[in-house]
> 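Here you go, one structure.
Source: prediction; values computed, not measured.
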Amino acid sequence: MVGQIPNIISVLVKPVSSDCNLRCDYCFYSSKAAELYPETRVHRMSLKVLRELIAQSMALSEEVSFCWQGGEPTLIGLDFYRKAVEYQRLFKVPGQIVHNSLQTNGTLIDERWAKFLASHDFLVGVSLDGPPEMHDYYRKDRFGNPTYEAVMRGIEWLKRFNVKFNILVLLNNRNVRRPRELYQFLTGQGFRYLQFIPCVEKDPKTGGLAEYSITPEEYGRFLCEVFDEWTAPGVPEVYVRDFDDILISYVTGESPSCVFSRQCGKYIVVEFNGDVYVCDFFVEPRWFLGNLMDQPLEEILMSRRLAEFRTMKSKLAENCGDCRWLQYCNAGCLKHSIQLGLDRSYFCQAYKMFFQHSHQKFLRLKNLVEKKFMRNTTTIFT
């Protein structure tokens, strides 16, 4: 045990582990349940574990964020989340703030789900890789059928009940090569909250990169072209997570995104049985922290292993020398370096390409933000 409890801003919960109704070719999490829990065929979080998870998490902070992910987290059923909300009310203290988000493939969202998510103010992330020819290439159901239409039906239900949602796009070797077309398709659908996640995975058979992975050059070009679309109106009208988070770092000196932060360890992962891990990309024995049914979460968070994980980024950044862009990328995501056996980010060249392209515009946007803040401050105090 070491030090004090770190400031954990989010608890990423895997109530069904990696169980899913789809079979997306590129899913990095699909094998986790079989690897870690081979004795269990179907993985579902019990109400006993759920109660402990919520009680212990809510005892740690005045503001708690639960992010429900999978696999496909809707497989556990709506009653589970009704119980989660009930437990949150039970353990909530005066003044405490509780957030819930759900990351889903969208195919099981119907009227019942949409009503519940709206009534309890869930933020929903829906995976959509673009128009049908982009989305359906890798995102198929367990029978090999396309899923685009089912996802769009789910999104329509969310819209109908005014559920807050954003679109999560996995950039693979198909859609990354058509950045403007992809961005214009998404914004043309009326989507105004977007997140683009670069795919780079190892092929378990060859040990090399899987065919659906993207190259640094492809990612760099994608970021530059989408950034130009994003800034085309002058002041951006669409939220693109990476761009908005980078702009925040230009203004404040620190990004809210773990990818571009100086330090990892802002959230933890809790598996269906209460096992706790350091990160979604490091759910493996090496980074197992403990089980909250056997050990208080407060103690788990003070472990030396988590403290070690939180220092890994700063050590990795030492390999970047005096790179002028390090203050913005902060060595990127550890998945793209440590997990790939590299001494720096696989996307290093992509970031250099992007920041060289975007820097002056970010400075202008920073000035606009600061001027707007000063105007608002003047209004308040005069």
Side-chain angles (χ1 to χ4, degrees), residues 1 5-6 8-21 29-94 96-104 108 112-113 116-117 119-124 267-280 282-285 287-303 305-306:
M1 308 299 294
I5 302 174
I8 299 296
I9 63 173
S10 182
V11 181
L12 197 161
V13 189
K14 303 280 190 176
V16 301
S17 191
S18 63
D19 294 359
C20 189
N21 61 322
Y29 210 80
S30 60
S31 63
K32 291 299 181 183
E35 292 170 358
L36 298 171
Y37 313 108
E39 72 285 353
T40 308
R41 192 175 68 86
V42 177
H43 309 85
R44 299 292 184 269
M45 181 174 283
S46 69
L47 294 184
K48 183 178 181 181
V49 173
L50 176 65
R51 181 187 172 99
E52 277 301 309
L53 162 66
I54 291 177
Q56 293 188 42
S57 298
M58 294 186 65
L60 295 175
S61 175
E62 295 179 354
E63 186 168 358
V64 190
S65 179
F66 295 95
C67 181
W68 309 91
Q69 287 192 6
E72 175 47 47
T74 58
L75 286 177
I76 203 166
L78 199 48
D79 286 344
F80 175 86
Y81 295 99
R82 291 193 178 105
K83 203 67 179 178
V85 172
E86 179 183 321
Y87 288 148
Q88 288 170 357
R89 284 197 296 262
L90 176 64
F91 294 109
K92 186 177 180 181
V93 299
Q96 191 171 33
I97 300 172
V98 182
H99 304 281
N100 284 291
S101 61
L102 180 80
Q103 186 171 327
T104 174
L108 301 179
R112 292 169 57 251
W113 276 100
F116 171 83
L117 295 168
S119 62
H120 295 286
D121 198 32
F122 273 62
L123 172 64
V124 180
Y267 74 90
I268 53 171
V269 177
V270 180
E271 263 286 352
F272 79 104
N273 63 347
D275 284 349
V276 182
Y277 294 88
V278 297
C279 171
D280 196 23
F282 290 81
V283 176
E284 55 194 48
W287 296 106
F288 171 71
L289 299 178
N291 185 291
L292 58 79
M293 302 300 288
D294 303 324
Q295 181 183 10
L297 187 55
E298 181 176 346
E299 290 184 10
I300 291 174
L301 295 179
M302 294 173 65
S303 71
R305 190 166 289 181
L306 180 57

> Mind checking whether Met293 and Asn273 have side chains closer than 4.5 Å, heavy atoms only?
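Contact flag for Met293/Asn273 side chains = no.
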> Taking the side chain as every heavy atom from C-beta outward, state whether Phe66 and Gln88 have any atom pair closer than 4.5 Å.
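A side-chain contact exists here, since the closest heavy-atom pair is under 4.5 Å.
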> Could you pull out the closest heavy-atom pair between Val42 and Thr40, with the gap in Å?
O-CG2, 3.0 Å
> Using a 4.5 Å cut-off on heavy atoms from C-beta on, say whether the side chain of His43 contacts that of Val16.
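A side-chain contact is absent here, since even the closest heavy-atom pair is not under 4.5 Å.
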> Would you say the side-chain atoms of Ser18 pair up with the backbone N or O of Ala33, donor to acceptor, closer than 3.5 Å?
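Flag set: sc Ser18 to bb Ala33 pair under 3.5 Å.
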> Mind checking whether Leu297 and Ile268 have side chains closer than 4.5 Å, heavy atoms only?
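Of all side-chain heavy-atom pairs linking Ile268 with Leu297, at least one is under 4.5 Å.
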> Verify, without hydrogens or angle tests, whether Gln96 (side chain) and Met58 (backbone) share a donor-acceptor contact under 3.5 angstrom.
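Such a contact is found between Gln96 side chain and Met58 backbone.
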> Please report the shortest heavy-atom distance between Arg82 and Asp79, naming the atom on each side.
NH1-OD1, 2.6 Å
> To the nearest 0.5 Å, what is the distance between CG on Leu36 and CD on Glu271?
6.5 Å
> Any non-hydrogen side-chain atom of Leu289 less than 4.5 Å from a side-chain atom of Gln295?
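No - every pair of side-chain heavy atoms lies 4.5 Å or more apart.
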> Of all heavy-atom pairs between Gly70 and Tyr29, which one has the smallest distance, and what is that distance?
O-CD2, 4.0 Å
> Quick one, Asp19 and Arg44 - any side-chain contact, counting heavy atoms below 4.5 Å?
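SC-SC contact between Asp19 and Arg44 confirmed.
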> In Å, rounded to the nearest 0.5 Å, how long is the span from CG of Leu123 to CD of Gln103?
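Those atoms lie 10.0 Å apart.
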> Just by distance, with hydrogens left out, do Asp275 and Tyr37 show a side-chain donor and acceptor under 3.5 Å apart?
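Checked: Asp275/Tyr37 side chains pair up, N/O donor to acceptor below 3.5 Å.
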> Is there a side chain to side chain donor-acceptor pair (under 3.5 Å) between Thr74 and Glu72? Walk through the geometry before answering.
CA-CA 6 Å; Thr74 58; Glu72 175 47 47; 2.5 Å; yes
> Could you give the distance from CD1 (Ile76) to CG (Leu50), rounded to the nearest 0.5 Å?
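Here the rounded value is 8.0 Å.
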> Compare every heavy atom of Val269 with every heavy atom of Cys279, then report the nearest pair and how far apart it is.
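Shortest heavy-atom contact: C-CG2, 3.4 Å.
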> For the pair Glu299 (side chain) and Pro296 (backbone), establish whether a donor and an acceptor sit closer than 3.5 Å, ignoring hydrogens and angles.
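Absent.
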> Pick from Pro73, Ser46, Pro15: which one makes a side chain to side chain contact (heavy atoms under 4.5 Å, CB included) with Phe80?
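Testing Phe80 for a side chain to side chain contact (heavy atoms under 4.5 Å, CB included) against Pro73, Ser46, Pro15 leaves exactly one candidate, Pro15.
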> Under 4.0 Å between a side-chain nitrogen and a carboxylate oxygen: does that hold for Glu86 and Lys83?
yes
> State, yes or no, whether a side-chain contact exists between Tyr87 and Leu53 at a heavy-atom distance under 4.5 Å.
no
> Under 3.5 Å, side chain of Ser57 to main-chain N/O of Ile54, donor-acceptor pair present?
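Not confirmed, Ser57 side chain does not pair with Ile54 backbone.
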> Parallel, tilted or perpendicular: which fits the ring planes of Tyr81 and Phe116, with parallel below 30° and perpendicular above 60°?
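The arrangement is tilted - the two ring planes meet at 30° to 60°.
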> To check you understand the geometry: which heavy-atom pair defines the closest contact between Phe122 and Leu102, and what is its length?
CD2-CB, 4.2 Å
> Determine whether Val49 and Phe272 make a side-chain contact, defined as any pair of heavy atoms from C-beta on separated by less than 4.5 Å.
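Side chain of Val49 against side chain of Phe272, heavy atoms only: no contact under 4.5 Å found.
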> Return the minimal non-hydrogen interatomic distance between Pro38 and Glu35, and the atom names on each side.
CD-O, 3.9 Å
> Decide whether a cation-pi geometry holds between Lys14 and Tyr277; the criteria are a distance under 6.0 Å from NZ or CZ to the six-membered ring centre and an angle within 45° of the ring axis.
no
